[in-house]
Amino acid sequence: MSFDVRPLSNALGAEITGLNVGQALDNVTFKAIRKAYLDYQVLVFREQSISPRQQINFSKQFGPLDAHPSQGTNHPKGYPEILIVSTKTENGRDVGLRNAGPRWHSDLAYRKRPALGSMLYAVELPDNGGDTGFANMIAAYDTLPSTLKNAIDGQLAIFSSKREGIDTSHPAIRTHPETGTRSIFVNPQLTSGIEGMNDTDASALLNDIYAHCRQARFVYWHRWQPGDLVFWDNRCVLHIADHSRLDDPTYIRHMHRTTIAGDVPY
């Protein structure tokens, strides 16, 4: 089964065309997709028309799936593996997670085994707004000034979730288990400190690293198209959602997300 791969930016990301992920994939095709995923960190599968079950089946080829901890945000029709990311309401209540990803982060980084990757499928899109930013943490690490690299390398960062009451420590610089590359793993949304460092010093160091990571040369902003399925590598990519229109009642952004479970960072 053949498909085309086209880079989307100098930072990271590629679009995949000519492939229907709802169909069973042969081993050659799957290996080619996995290689593209490792090469580009973010894949955009264009013009998909898939059911929740098809999205789950495709996602599971990359590993077991994680359930999202938010209560009442999973698919209501028998697909608990799917998280609903939506600005829609029914009977005055949100149908899914409305304010997902307001700051740069990687999914479930506060767990002992953070997410390997996430897949987000566009079901309904607004006429404008709702873009998603992706930042390449491999490139950010490679170009990190030596003073910051020496200060953060070898440190254990603390990741916290108020919702789950979890504090977990992971290497601030992690090694990718499949490629061996190193990348920055701390993020503004979920990193609460650095082990053995006082809060003032930790905040100053982390803020300098975040400022480096936000540079435009590391970032690709994805403007969603109908039928897009976006798959990103949480082990080496940060992402953020544009919520500038979140309070606009005419703004409808409805997505289905699956999350592939990962391993313990090292």
Side-chain angles (χ1 to χ4, degrees), residues 11-13 41-43 65-70 73 83-87 96-120 130-141 144 152 155-174 176 182-195 202-203 205-216 218-222 224 230-244 246 253 255-265:
L12 76 174
Q41 295 91 53
V42 177
L43 295 182
L65 302 189
D66 251 333
H68 196 275
S70 295
T73 58
L83 168 70
I84 303 295
V85 178
S86 181
T87 61
L97 192 61
R98 170 177 286 269
N99 191 24
R103 303 176 70 190
W104 288 102
H105 68 289
S106 58
D107 291 328
L108 305 182
Y110 54 84
R111 288 188 170 176
K112 182 179 179 180
R113 295 176 178 269
L116 179 155
S118 302
M119 291 192 189
L120 194 59
D131 298 350
T132 303
F134 297 97
N136 186 335
M137 293 299 98
I138 297 172
Y141 174 75
L144 195 64
I152 196 66
Q155 300 286 356
L156 288 175
I158 303 168
F159 297 82
S160 302
S161 168
K162 293 181 180 179
R163 180 189 295 112
E164 293 192 61
I166 292 175
D167 285 327
T168 306
S169 294
H170 294 306
I173 307 300
R174 70 175 295 182
H176 198 289
R182 306 194 76 204
S183 64
I184 296 170
F185 194 59
V186 292
N187 68 79
Q189 183 165 311
L190 298 173
T191 303
S192 57
I194 297 174
E195 281 194 5
S203 294
L205 175 58
L206 290 169
N207 286 335
D208 285 344
I209 290 172
Y210 299 152
H212 173 78
C213 294
R214 287 195 297 266
Q215 293 179 72
F218 304 131
V219 177
Y220 160 66
W221 279 96
H222 182 63
W224 290 85
V230 180
F231 180 28
W232 64 89
D233 193 335
N234 281 295
R235 300 166 293 187
C236 56
V237 173
L238 297 184
H239 63 284
I240 189 172
D242 169 20
H243 285 320
S244 58
L246 198 62
R253 184 179 187 266
M255 311 285 215
H256 288 173
R257 194 186 95 182
T258 44
T259 308
I260 297 96
D263 48 18
V264 177

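Source: prediction; values computed, not measured.
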Within the distance-only criterion (no hydrogens, no angle test), does the side chain of [X] pair as donor or acceptor with the backbone N or O of [Y] below 3.5 angstrom?
X: N136; Y: A11; result: yes
X: H105; Y: H239; result: yes
X: Y110; Y: T168; result: no
X: S160; Y: D167; result: no
X: R253; Y: S86; result: no
X: Q189; Y: R103; result: yes

Using side-chain heavy atoms (C-beta onward) and a distance below 4.5 Å, is [X] in contact with [Y]?
X: T259; Y: L108; answer: yes
X: F134; Y: V230; answer: yes
X: W232; Y: L12; answer: no
X: I260; Y: L65; answer: yes

Heavy-atom pair of closest approach, residues [X] and [Y]:
X: V85; Y: A100; value: CG1-CB, 3.9 Å
X: K112; Y: P265; value: O-CD, 3.8 Å
X: P102; Y: I240; value: O-CD1, 3.6 Å
X: G262; Y: R113; value: O-CB, 3.6 Å

First locate atom [atom1] of [X], then atom [atom2] of [Y], and finally report the distance between them rounded to the nearest 0.5 Å.
X: H256; Y: L120; atom1: NE2; atom2: CG; result: 10.0 Å
X: N187; Y: Y210; atom1: CG; atom2: OH; result: 6.0 Å
X: I173; Y: F185; atom1: CD1; atom2: CZ; result: 11.0 Å
X: R174; Y: I138; atom1: CZ; atom2: CD1; result: 10.5 Å
X: I84; Y: L97; atom1: CD1; atom2: CG; result: 10.5 Å
X: I184; Y: S106; atom1: CD1; atom2: OG; result: 12.0 Å

_Walk me through whether R111 and E164 qualify under side chain to side chain contact (heavy atoms under 4.5 Å, CB included)._
CA-CA 10 Å; R111 288 188 170 176; E164 293 192 61; 3.5 Å; yes

*Step by step, would you call Q155 with L205 a side chain to side chain contact (heavy atoms under 4.5 Å, CB included)?*
CA-CA 11 Å; Q155 300 286 356; L205 175 58; 5.5 Å; no

_Quick check on side chain to side chain contact (heavy atoms under 4.5 Å, CB included): which of I194, T191, I158 does V186 satisfy it with?_
T191

*Check the pair Y141, I209 against side chain to side chain contact (heavy atoms under 4.5 Å, CB included), reporting the backbone distance first and the verdict last.*
CA-CA 9 Å; Y141 174 75; I209 290 172; over 6 Å; no

_Under 3.5 Å, is there a donor on one side chain and an acceptor on the other for D107 and S118?_
yes

_Tell me whether the rings of H222 and W224 are parallel (<30°), tilted (30 to 60°) or perpendicular (>60°)._
perpendicular

*Does H170 have any side-chain hydrogen bond (donor to acceptor under 3.5 Å, both in side chains) partners at least two apart in sequence or in another chain, and if so, which?*
none

